[in-house]
Each structure stands twice: as C-alpha cells, then as structure tokens.
Amino acid sequence: MQNLLHNLNPEQLAAVTLPAQSALILAGAGSGKTRVLTTRIAWLIQTGQVSPGGVLAVTFTNKAAKEMMTRLSAMLPINTRGMWIGTFHGLCNRLLRAHHRDAALPQTFQILDSQDQLSAIKRLLKANNIDDEKYPPRNLMYFINNAKDSGLRAHQIEAFDDYNRRMVELYELYDQQCQREGVVDFAELLLRTYELLSRNQPLREHYQNRFRHILVDEFQDTNNLQYNWLKLMAGEHNAIFAVGDDDQSIYAFRGANVGNMIAFEREFKVENLIKLEQNYRSHGHILDTANALISFNQNRLGKNLHTDAGHGEPVRIYEATSDLQEAQWIIEEAKSLIAEGSMRNEIAILYRSNAQSRVIEHALFSAGIPYRVYGGQRFFERAEIKHAIAYLQLMDNPHNDSAFLRVVNFPTRGIGARSLEQLQDAAKQYGVSLYAAVPYITGKAGTSLGAFVKLIEGARFETQNLPLPEMVQVVLDASGLMTHYRNEKEGADRIENLEQLVSAATLFVSEEGFGLDAPALLGPQSQASAGPAIVTEDGIEVIDADAPLVTVMSPLSAFLAHASLEAGDNQAQAGQDALQLMTVHSAKGLEFDAVFITGLEEGLFPHENSQKEEGGVEEERRLMYVAITRARRRLYISFSQTRMLHGQTRYNMKSRFFDEMPEESLKWLSPKVQQHHWFANPKSAWDDAPAIDNRIAQSIGRKDVGWRIGEAVAHAKFGEGVIVNIEGSGGSARAHINFGRHGMKLLDLSVAKLDRIAG
DNA sequence: AGATTTGCTGTTTTT
DNA sequence: CAGCAAATCT
C-alpha cells in the first residue's frame, strides 16, 4: 500500500485518501487527474473499504474507461471484472439488457448512432408527409436530443407556438417509431435507464446498496440527465468522487453543464474541494500562455497552474499568407523537429474543424511524411460496414426498419421504389414493421421481397450455432456484399474493410469473454450478485447485471451494441511513428512534446457560430486553453491571411486570442512574405499564392476606387479589418470588409473613413 | 429498375 | 468542396 501512495504530491494524496464522503477534485490540465482517480479506487479496495463489486466508475469515452481499467489491473493483484468501469452509455446499455423487461425493451434492442438517428428522423418525416424544408431533420434531431438530455419526454414539454407544438408532436411520433422498431438512440439509453431506476424502487435500491463508491471522470462534461442519473445511483448514502476541470469544459454545445460542478458542491455538501494545480506536463512559457488566456474568462471556479519546470522555449507564432503556405511552414518546422530527434508521434497538429485537415494532409502526403488523422469517419461508420451490420441487425431484430431499408435492395435485387411504397403502406395499415409486412405483398414485388426475407431467415438459421466471427463471414457471403464489391472497380478497400469486420468480431469475442473459455467466467463474480434475489413489481426475479455479458445478451447483440457505442478507430495503421493530426476536441486528454495549433483566425477559432451563442466565446477560449495545455516542450501557433472554405477564398483577421496571450512568452516568427504586401505586385502574388481567388486578379487594376481586395484597413469604430470584396466603382463603390469580431460590414468607400495598415 | 448526372445546400466540435 | 437528393438517361 505504501508504494501505492508514494510519489503523490500532498494535494493528490489528500484527494486519494479522503474519507468516504462526496468530494470534488478540481484537477487542472496535466495535474495527474487519471492517476488520482485510479489510485483512489485501488486505495479504497486495498484498505478494505469497498469490494471491487462496490465500485462504479464513469467516464465519457471508451478510451478513458479502458485506460482506467489498464492502470488498475497494474496496481491491483485482483480480478477487476467485478468493477463497473465504463462510459455512461456503456453502463446504461448493460443495465437495460439485464432489465430489458422492466425497461419495456426487447432483449435484442439496437442502438442508433447519430447517423442512424438522423435517417430515422428523415424517414419519420417522410412517412408523415412533413415538409422537411419547414422542419429540417437536423433541427428535429437537436430538439429531441435536447429534450432527452434534459430528462423530458414529449408529454412533459410545454410548447408555446405552433411550430414547437409540431416539434413536440414529432418527438412523440419518433419515440413511438423507435419503440415499434426496438431501437434506442444515445440519449434514450440514459433516459430509459433513469426512468427505469426512478420508477422501480427494488431495483434502484439494489444498485444503490451495491455501489458505495461512485467515481466520475471529466465531471465538467456531464449534462443534466447524467447528473440526475448519478444522483439516483448515489441515493442518500453513497459517495461520489467527482473529478473535473471547469476550464476544460468544451462540450456545452451538446448539453454539458459546468453548473453541475457548483450544484454538486452544494447538493452533496462537499466539505473538501481539493485543487490540483501542480502541472507536470508543460514548460513555463506554455503554461503562462494558457493561464493568461483563460484568465479572460469570467465564469471560472478559479485555479492557476504552476510548474517546477523552467520557462523553456517561447511559444512560436507564425503568420501565413494562405492555408497552403501555413501547411508548408508546419511541415518545415516538423521536419526540423524530427531532424533534431523528435519522434513523429510526439508531434501533434491541431485544428478547430475537420475540414482544415485536408490541406495539411495534402502537404504532408506530397512531402512524404507519415501521418495519422484521428476523427473523421470511423470504422463502424463506413458505408460497407454499415451495410454488413444492417444484415446482422435484421437477423437479431427484424423489426429494425432502418436496417431493413438500408439493405433490402443492396446489393440490388430488383426491389425498387414502387415495391417499397407498397410495403410501407401495408406496414402502416397493419401497424407492423416492414419485415412483418412482407407477407401482405402479392405479385412480383411480393416474390422478391419474400426472397429477401428468406435470405435473412436462412442466414439466421444457418448461423445460429456458429461462433460470432464465422457468423459474420457467412453473412458477408450470403448477403452478396462480397460479390458486389468484388465486381466493383473501386471495391478493393471495401472488401478489405469487410474482412476486417470479421477480425473485429474475433477480437471482440476474445476480449468480452464470449470465446470458448467463457465458461470460466460464468461463476459468481462479486458478493453483490450472491446476495438475495430481488423481486420487481410484477413479481419477476431480477438477475444482477454484474453477470458476464454472455448471460445477459447474445454475442451478436453485444457485438452490434459495441459497433454503435464504440465506433472504432478510423485507421488500422496505429502504432506507426507518424505525425498526429486531430481536432482540438479530440486532443483533450492527450499530450505531446510538440504541438501546432493552426488556423487561429477570427471566424474559425473562435468559430463564427460561437459569437451568437451565450457564453460561446468563453467556450472557444477554453478550447484554446485545452489546445495549449497539450504541449510539453514546444508550442507553435499559426494563422493565415487567406483560407479556402466551401470552395472559395476567405479573408480572415487574426484571432482575438493573440491579444490575450502574454507577449513575453511569445516569439513572432517573421513571415516569408510581408503582411498584405503581395497585392502590390500582382505577378509575384500569383506565384506565391496560387490559391487566391480569381476575382482578386480581375479586380486588381480594374477597380479604380483607391482600395484593393485583400487590403488591410483600420476603421475608427470597427478596428482592423480586411477588404473582402468591392462592388460598384468610382464615387459609388462600396466594400465588404471583414472586421473579425465586429463582423462583416458593407461600407461606402466615399463616406467611410478608412486608414491603410502598413504591412 | 438501376445507373449516372446534375443541382443544391450547408457546413464545429461527438458519446 | 462534398454529400445527398432529385432528375435524367440506359
């Protein structure tokens, strides 16, 4: 036990050894948050304060859950299986499988990812003849998810106008559709579990008596429903150990509520709020930059990181003329870092939005530097994988209409729009799923639809006693997917992915204990499950969800849930020594020796959409704070005068965040081309910046108004700006000027008082 | 029915 | 620019 606690600083030690009562740990970036969390669990178990089965640890990402599990197994000699460590969604999935009857779900219920959810909504709108111009599917999806994240069902929402009344109505219809099809979306997993435990007292008490210690990672990211879920689990007597950092709250846009930290402090009567402010990650200049920037936020709990490491290198700032040139500069710097001996995978290139990666990827590819892009499309989101999964879904739950529609005619088998229209009418008339409506269809359409049903039934029969990977293999062949892609010229990658699906199934089976050695895990795992059987309201005996997954659901159901909950990595080339490309959001929780933060421009970072939202800019600032604190030794920040977006060139101002970082920690690198000078010499401008919009070339020398597109100007009221476009000529000319945070203005050039800004 | 082309639109982050 | 849906061609 001594060596468990050894090497902890006083604050960390205090946090780890707190008495069994609720506590809030404010853990700054790089302050050893995960270490405290895992050591706390190990300490509780080793000192006999709780059995492994009494621990519930909740995270937001599968990666974090896995990491915690790995570290714990290294610390503790015992089997970690009895512990419940997982994401909110993963844990809810487990609970709903075990108690599916009480939750009014089929045992084989399936989970919609956001893609699936959106297409389910589109289908709903079409089926009800709703104008999707007036009710955009995306908006309805936000509406529904927002409501669920607030714990509200349709009937609990008060609508004050016709539009919202209709939205509520559609929400209700959506839930009915999901229920009919035996599917649940992400938010539903949580809400359904919450409702289940609220209404079912014996069940609630069972889990409350079991989980004496609840630990929550990234507490600042909890939404209202998750917070209430935790309250329900904690009951009157259990201790919640919450770890979080309000300065790293970057998911407000999807319902995360930092206010939960304050509410938690109050409602759980937290006596000790422990702050971990010692940073073990970054050098001084980097930390100073982060601290200075975040101090511009008003709503903070207050915390300042410090380090024992020296100042280190200054933060390097670079101004590029174009996004292309920015990418080239990054590559030059990265090359010299590598030449100095840096590992490629210790260098990260971060950006605000995924679209920015394209230019950088292209430049890296041309330069022949290995790189890996995180995020973007992931394995289980690929179309061919979705197709294969849809076949498997239909075998496990034929009432999933989304899955049915996805593959009923893929590969094509002569079932067109007309046949499906008939089928949908029949399904609606008899109130059944598409699959179940097939027998009602006669004639040619009925024959081909019947053949499809036979295909599914046949595959199910044929594979019922096969191990999961072989089942997948059979389905790939029987469905015709393999043949289809083999005949397609661009199908080689897809074939490879489908083969990887079989590997994924193999891996899943071995990791989850569905393999041949599974019986060894079937014995009782914890004291809790050996306790008295509990009885629900309708007299049904309840099994403890702690039992291995095998007893709670079939390998296929489990695998399908896994595919939705853990979309998987996007590329197989993990482990390679490659530059790391990702959004700032997905960099949270990671660290690198050297970090490039790119595209620091008004409108991009902070993003323009954030200006309108309440507290939006503060969230962007926290995002920047997260980005900065990823770096250990070297930090580079860049921005560009021009950038291609949606196929056209945009002229941006540098980000306001530059004004909020301490000048003494920064080192401005002199750009190769002086700011805004390129336009003075059109010829060289073309050579240096091929990405520049044609209109500039046309306008140069044509508009005789004394100003040029791309020129930097200053205005008494709006500050600095860039001329984006000029319309009209002579005395009536007007200019569109991007004033960054003051927005885009249309000014009459003969009236507005503008000054030139020298480069 | 199915393949292909055109046309339009909407763009942040993701469990 | 790309992803999707409607329109048009085979």
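By convention in this document, chain letters (A, B, ...) are assigned in the order of the sequence lines, proteins followed by strands, and residues within each chain are numbered from 1. Not measured: the values here are computed from a predicted model.
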Going through the checks in order, is the side-chain contact (heavy atoms from CB on, under 4.5 Å) test met by Arg372(A) and Leu579(A)? CA-CA 6 Å; Arg372(A) 183 173 198 274; Leu579(A) 291 193; over 6 Å; no
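- At least one side-chain nitrogen or oxygen of Ser586(A) sits closer than 4.0 Å to the OP1 or OP2 atom of dT14(B).
- Here Ser610(A) lies out of heavy-atom contact (under 4.0 Å) with every strand.
- Out of dT15(B), dT13(B), dG2(B), the shortest distance to the side chain of His89(A) is found at dT15(B).
- Rounded to a whole Å, the CD atom of Glu133(A) is 11 Å from the C1' atom of dC8(B).
- For dT14(B), one of the phosphate oxygens OP1 or OP2 lies less than 4.0 angstrom from a side-chain nitrogen or oxygen of Thr583(A).
- Residue Asp113(A) is out of contact with every strand shown, counting any heavy-atom pair closer than 4.0 Å.
- Looking at heavy-atom distances under 4.0 Å, Ser419(A) makes contact with sugar-phosphate atoms alone, never a base.
- Between the side chain of Tyr351(A) and the main chain of Met582(A), a donor-acceptor pair closer than 3.5 Å is present.
- Residues Asn400(A) and Phe109(A) have side chains not in contact (no heavy-atom distance under 4.5 Å, counting atoms from C-beta outward).
- Separation of the P atoms belonging to dC4(C) and dT13(B) is 15 Å when rounded to the nearest angstrom.
- By the stacking rule of 5.5 Å between ring centres and under 30° between planes, His646(A) stacks on the base of dT11(B).
- Taking atom CZ of residue Arg358(A) and atom P of nucleotide dA2(C), one finds them 4 Å apart after rounding to whole Å.
- With rounding to whole Å, Met644(A) atom CE is found 10 Å from dA2(C) atom P.
- Looking at Thr412(A), its side chain never comes within 3.5 Å of a backbone N or O of Gly414(A) through a donor-acceptor pair.
- Comparing dA3(B), dT15(B), dT13(B) by their nearest atom to the side chain of Ser353(A) picks out dT13(B).
- Between Phe410(A) and His387(A), the ring center distance clears the sub-6.0 Å criterion.
- Applying the 5.5 angstrom centroid cut-off and the 30 degree plane-angle cut-off, the aromatic ring of Tyr251(A) is not stacked upon the base of dT14(B).
- Within the nucleic acid shown, Ile415(A) comes within 4.0 Å of sugar-phosphate atoms alone, with no base atom in reach, counting heavy atoms only.
- With hydrogens and angles ignored, no donor-acceptor pair under 3.5 angstrom links the side chain of His585(A) to the base of dT14(B).
- Considering only side-chain N and O atoms, Arg418(A) lies nowhere under 4.0 angstrom from the phosphate OP1 or OP2 of dG2(B).
- Atoms CD (Glu381(A)) and P (dG3(C)) sit 13 Å apart, rounded to a whole Å.
- Residue Arg413(A) is classed as a sugar-phosphate contact, given heavy-atom separations below 4.0 Å to backbone atoms only.
- Ranked by how close their nearest DNA chain B nucleotide is to the 5' end, Gly414(A) and His607(A) are led by Gly414(A).
- Contacts of Lys63(A) with the nucleic acid, taken as non-hydrogen atoms under 4.0 Å apart, are absent.
- Residues Ala445(A) and Leu623(A) both approach DNA chain B. Their nearest nucleotides, taken by heavy-atom distance, put Ala445(A) toward the 5′ side.
- If you take NZ of Lys122(A) and C1' of dG3(C), they are 9 Å apart, rounded to a whole angstrom.
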Step by step, work out the side-chain contact (heavy atoms from CB on, under 4.5 Å) result for Ile111(A) and His562(A). CA-CA 9 Å; Ile111(A) 301 165; His562(A) 166 83; over 6 Å; no
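- One interatomic measurement links the two molecules: CG of Leu190(A) to P of dT15(B), which rounds to 14 Å at whole-angstrom precision.
- Taking side-chain N and O atoms only, Asn609(A) has no distance below 4.0 Å to OP1 or OP2 of dT11(B).
- Within 4.0 Å (heavy atoms only), Glu608(A) reaches no atom of the nucleic acid at all.
- Side-chain contact between Trp229(A) and Asn223(A) is absent, with no heavy-atom pair separated by less than 4.5 Å.
- Atom CG of Asn354(A) is separated from atom P of dA2(C) by 14 Å (rounded to the nearest Å).
- Atom CD in Glu618(A) sits roughly 18 Å away from atom C1' in dT13(B) (whole-Å rounding).
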